[in-house]
Every structure is written in C-alpha cells, then in structure tokens.
Amino acid sequence: MEDTDATRATEESMRSMMEAMRWIGLDWDEGPEDDGTSRGPYGPYRQSERTALYAEVARRLEASGATYRDHRTSEELEAWRELQRKGGDGGPPVVKASTFEHSDEDLARREAEGSVGSLRLRTPESGSVTVTDLIRGEITWDWATISDPVIERSDGSATYPLANSVDDLAQGVSLICRGEDLLSVTPRQVLLHGLLLTDGLLDAALAAVGFPARDASWVAPEAFAHLPMVVGMDRKKLSKRHGSVSIQEFRRQGFLPETLRNYLALLGWAPRDGRERLDDADMIAEFDLRAVGRSAAAFDVDKLSAFNGERIRELDPGELTDRLTPHLDGTYGEVALLDTPPTDSQRAMVHGLVPLVQERMQRLDEIVEYAPPFLVDELELDPDSVKKVFTKKGAPEAIEATIAVLPDVEWSVEAIEEALRGLPEQLGIGFGKVAQPVRVAVTGSSVSPPLFESIELLGRETSLARLRAALPVAQEAQPAAE
RNA sequence: GCUCCCGUCGUCCAGCGGCCUAGGAUCCCACCCUUUCAAGGUGGUGACGCGGGUUCGAAUCCCGUCGGGAGUACCA
C-alpha cells in the first residue's frame, strides 16, 4: 500500500480503497488487512510502516556515493526551472549532479545554516537505458534527459521511487503492471534495482532493521507492463471522479461488480475469439498482457450500461431481489421504500415485482422508478400522464367498465387479461384506449410494467380502490361537452 | 519547450502484405413484435488522420507530417 505521502493517504481514503477493491471482487494473497494487520511473509505491507527500512537503505546508498544532497529550497528550484523552460541557457529543466551538485563552499555554508537538504540519486550523465515492456516493447531513453530523482525528502521520509524500488526487491515483486503515466519513471527504477542488488546492499539493510530476509532466488522484477490510460468520452483523463470514489459511485448506481470486471477487462484487450461476454473464469484463462493494446481507451458508460442490463436479465429472480434491496431501503439512496430489514410482505412484493421489471432495467437503481406504485399506500397520479391520458375521450368509461368487471374475475393474470380484453368491443374503442387509462389509474403513470401482471400483483382490493379514486380525476379531466 | 508513448466506425475491440467492396460490440436510425416502457428480431448510417515510399499487391512494412496523451514535483 503506497501511502508515503502523508497528506494524501488518510486512514479514510485507504479504507475506502480496500472496500472498493473488495466490492469489485479484487482480492489479494499478501498485503494489508482491514483491521490494520498484514497477511504474508514479507510485511509489513503499508509503506508507512516500512520507513526504518527506507532510511537504512538511504544511508547505505549515501555511503556508497550513489547519491548527493540538494540543499536548494523549493523556491530556488522553481525559479531555476522557470528559467530553464524559458530557454535560459538553452536546456530543458533536467537536474543532473554535474550541474547541480553544490560546491564544497556552498555546501559548507548551507549546512552551517542548518539545512539538511534532500537526497538525490545520481543518474548517469551520458549513455542510454532500454527497458522492455510487455505491452510496448523496447523503449530507450538518454540518461542525459533524465533528472536525478529525490529519493529522500529533507524531513527524512522516503519518496515513491525509493520506497517502491526497495519493496519490489524486498517483497519479491515479479511483474510491475501499472498505468502508462508511470512509464517515464521506469529508468530510475531499474537503476535503483541494480544499486540495491549491488554488494548485497538491500540484504544488509533488511538484516540491520530486522525485516524479513529476501528469498535468495529473487533478482529484479522480471517484467514491466504499462497499461494504456482510461480516459473519459471527452478524451480527458478520468481525474475528478476516479479511483475508489467512482467505484463506490458505480455501486450506488446499481452496476454489478461482475459487469465492471468484464467491461474493464475489455478496455484495451479482447479475447482471441472476439467474445465480449466473459465471466471470471474466461478472463483468467484467456487474458494475456501481450495482447493488450497501446492506445488510451475511453470509458463508455452507455456500453457498460448495456452490458449491465444483459447481466441483470440473466440473474435469477431470488438473487435479483436481494441485489435490489439496498437500492430500496435507503442504503444507497435517499428514497427508503422498504423497512430495514424488509418485512415479509415487502420482500414478497419486491420478489413479485422482479419478473415484471427484470427485462427493463439497465441499472439496479432504476428500481426506484418502478417500485413506488407497488410499495406505497397512497398513490400519486403523475400529472403529465393524467394530462396525456385522462383527457382522452372514453377514459372515464374505460375505468368504470374495469371497476365493473374486476370484482368477479378469478384472480390470475390470464383471467384479468381476458376480462379486460373484452372491454374494447363493449365500449367500441381500441384496446389501447382502455389499457392506458386503467394503467394510469392503477400505477399512477402512463409508463409502467405490464398491466395485467401489475394488477394481479397489487391485488383486487388495491386495484379497485385505485380505480375508484382515479375515476373522478378522469371525469374532471375530460374536455367540456359542447 | 524537452522526453517518452499513441493514432481503424462517435466509443471499445478484430485485423498482424492478398481471405477487407474492413468484421463484432455499443450508440443512433428504420422496420417487425406489442397494452405503455422495455426486452427480442431484422435491416441500415458510420472508420483505416495526411503525404511520400517499399511491393505485382498495404489498414497491415519504412520515412515524414499532423493530431492526441503522459511525464517534466522534496505527488504517486
């Protein structure tokens, strides 16, 4: 867990990240646990708990001459960079020991003033590095274009380059797989790996601070894989709503974790046979880093939604009922249509509703659009639907006829359908002219789950009560007689 | 500015010199089905950034160009 930046890595943000990973279904064999402990033989696994190791390594690196101290203040550095960028003496802002190391006098003066300075790693002044990336192939940089990184801040804390390089080796990391944004940081990482392995520097440091010894067979990580960035539909990187925050957001919106896993795997990759619908076993069996694409992928919520709807339709009704519950009891939203936990009758109602809504949902949170008529005592009629449907000629008659026929039908979907189907002929109008007014009366809206099923689910009493209550509204809405 | 990366339908992928008058998915449109909304079915619009090469033949190889992205922190 990379929490070397104390200002960003709060207890809360770390917890939220682990929760998000667990929800989406990513587990780990070795690493931190929720309760603050660790699991695995090469811990601790929070970088904030490994500071003694980093400091020990830094001392040894310093003693070996691989580093130098930089006493410049942030202001001095910023001014220098500004000058360089503007073309000051022609070069880009590359920090190299050759031009940056303090003279003996300057060093003495700064130290006398009490400055500690930060610790920079000396990178080669010339020559080049080539790293092999599983996704991008060979990439080469000239060392002259690479700045000497700060590996220890003036307050003594380790920075990401040091901490990660140490942990790569100390914890036996075999594959470094991360975003493309970290590609340019790779040269200094391999440089550090080499230094840490030289003369057993890391092993000695590990022993000195009492951390678990490395397995002797570990060398440097076998491979790097820099994955393409995921960007928004506007091609800008997913900054504002990224990371754990948006994962929790997807959860609230009712995306299934298995949908997210499937969709995310397809960003930058596709199985050989081109199938898009993959379960975990498929992905584990077929995923191949070498087949990952190299260009940034835009996150398309429409496509995600389509996938999600497909998976919702495949859930069995009992499972869907369970998954819907947190969207109805106020866990994820402000609307609480169910008690917590739901009563037996509430659960039965949701269970009965599931077959009616399953094929018309893309996200679980859409249940709040369908459920109210079935879970609420006092039905409110949607004004737009009233205006659109009740004003039509024949609406009150259709409702009256339904009221007349409903008390005596056998209470089944089929019988209800048969009874209502008989009405158009009797009234001399089309079936739509009957169904719509009845729909609005019973469900409160001109858009609802299938009518006969809805009536059946609501029950004879509730359906009749709603029809009777709506009748005067429909009569009122009729255009004045000429 | 400098360094590195990338460039096939709006979007995600397939394509690895001829099977491509470029395929699938999503989106959009039309039609069918239909009690509303969906779901489902059928069909359709839509792309190799540009310019040079190499080759009998290029989306596929090479060069250039343009465009996009990332990095350029005592953040990670």
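Labels below follow one simple rule: chain letters A, B, ... track the order of the sequence lines, proteins then strands, and each chain is numbered from 1.
With hydrogens and angles ignored, no donor-acceptor pair closer than 3.5 Å exists between the side chain of A/Thr159 and the base of B/C74. Taking only distance into account, the side chain of A/Gln84 never meets the base of B/G1 through a donor-acceptor pair shorter than 3.5 Å.
Comparing B/G1, B/C12, B/C75 by their nearest atom to the side chain of A/Pro93 picks out B/G1. Relative to the side chain of A/Ala435, the nucleotides B/U35, B/U36, B/A25 differ in distance, and B/U35 lies closest.
Contact check for A/Pro228 versus A/Arg294: no side-chain heavy atoms found under the 4.5 Å cut-off. Under the 4.5 Å side-chain criterion, counting only non-hydrogen atoms from C-beta, A/Pro396 is in contact with A/Gln478.
When heavy atoms are screened at a 4.0 angstrom cut-off, A/Arg275 is found touching no nucleic acid atom at all. If you check every strand for non-hydrogen atoms under 4.0 Å, A/Ser295 touches sugar and phosphate atoms only. Among the protein residues, A/Arg136 comes within range of the sugar-phosphate backbone only, with heavy atoms under 4.0 Å from sugar or phosphate atoms but none that close to a base. Residue-level contact check: A/Phe452 touches the bases, meaning some heavy atom is under 4.0 Å from a base atom. Residue A/Pro228 is classed as having no contact, given no heavy-atom separation below 4.0 Å to the nucleic acid. Using a 4.0 Å heavy-atom cutoff across all strands shown, A/Val185 reaches at least one base atom of the nucleic acid. Heavy atoms of A/Glu276 sit under 4.0 angstrom from at least one base atom. Among the protein residues, A/Arg72 comes within range of the nucleic acid bases, having at least one heavy atom under 4.0 Å from a base atom. No contact: A/Gly309 has no heavy atom under 4.0 Å from any strand. Within 4.0 Å (heavy atoms only), A/Arg188 reaches at least one base atom of the nucleic acid. Using a 4.0 Å heavy-atom distance criterion, A/Leu182 is classed as a base contact.
Spacing between B/G67 and B/U8 at atom C1', rounded to whole Å, works out to 15 Å.
For A/Arg294, no side-chain nitrogen or oxygen approaches OP1 or OP2 of B/C5 to under 4.0 Å. Taking 4.0 angstrom as the limit, A/Arg178 places none of its side-chain polar atoms (N or O) nearer than this to OP1 or OP2 of B/A70. A/Arg81 has no side-chain polar atom (N or O) that falls below the 4.0 Å cut-off from OP1 or OP2 of B/U72.
Using N1 to N3 plus N6-O4 or O6-N4 for Watson-Crick, or N1-O2 and O6-N3 for G-U wobble, each under 3.5 Å, B/A30 pairs with B/U42. The partner of B/G67 is B/C6, by the rule that a Watson-Crick or G-U pair needs both atom distances under 3.5 Å. Of the nucleotides present, none pairs with B/C16 by Watson-Crick or G-U wobble criteria with both distances under 3.5 Å. Of all nucleotides present, only B/G1 satisfies the Watson-Crick or G-U wobble test against B/U72, with each distance under 3.5 Å.
When all heavy atoms are compared, the tightest approach of A/Ala58 to A/Leu162 is CB-CD1, 4.4 Å.
When the nearest nucleotides of RNA chain B are assigned to A/Gly274 and A/Glu359 by heavy-atom distance, the more 5′-ward of the two goes with A/Gly274. The residue among A/Asp181 and A/Ala158 whose nearest nucleotide of RNA chain B lies closer to the 5′ end is A/Asp181.
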side-chain hydrogen bond (donor to acceptor under 3.5 Å, both in side chains) between A/Ser98 and A/Glu125, worked out: CA-CA 7 Å; A/Ser98 57; A/Glu125 297 286 341; 2.7 Å; yes
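Side-chain contact of A/Ser128 with A/Asp142: a donor-acceptor pair under 3.5 Å is absent, judged by distance alone.
Taking the six-membered ring where the residue is Trp, the centroids of A/Tyr263 and A/Phe299 are separated by under 6.0 Å.
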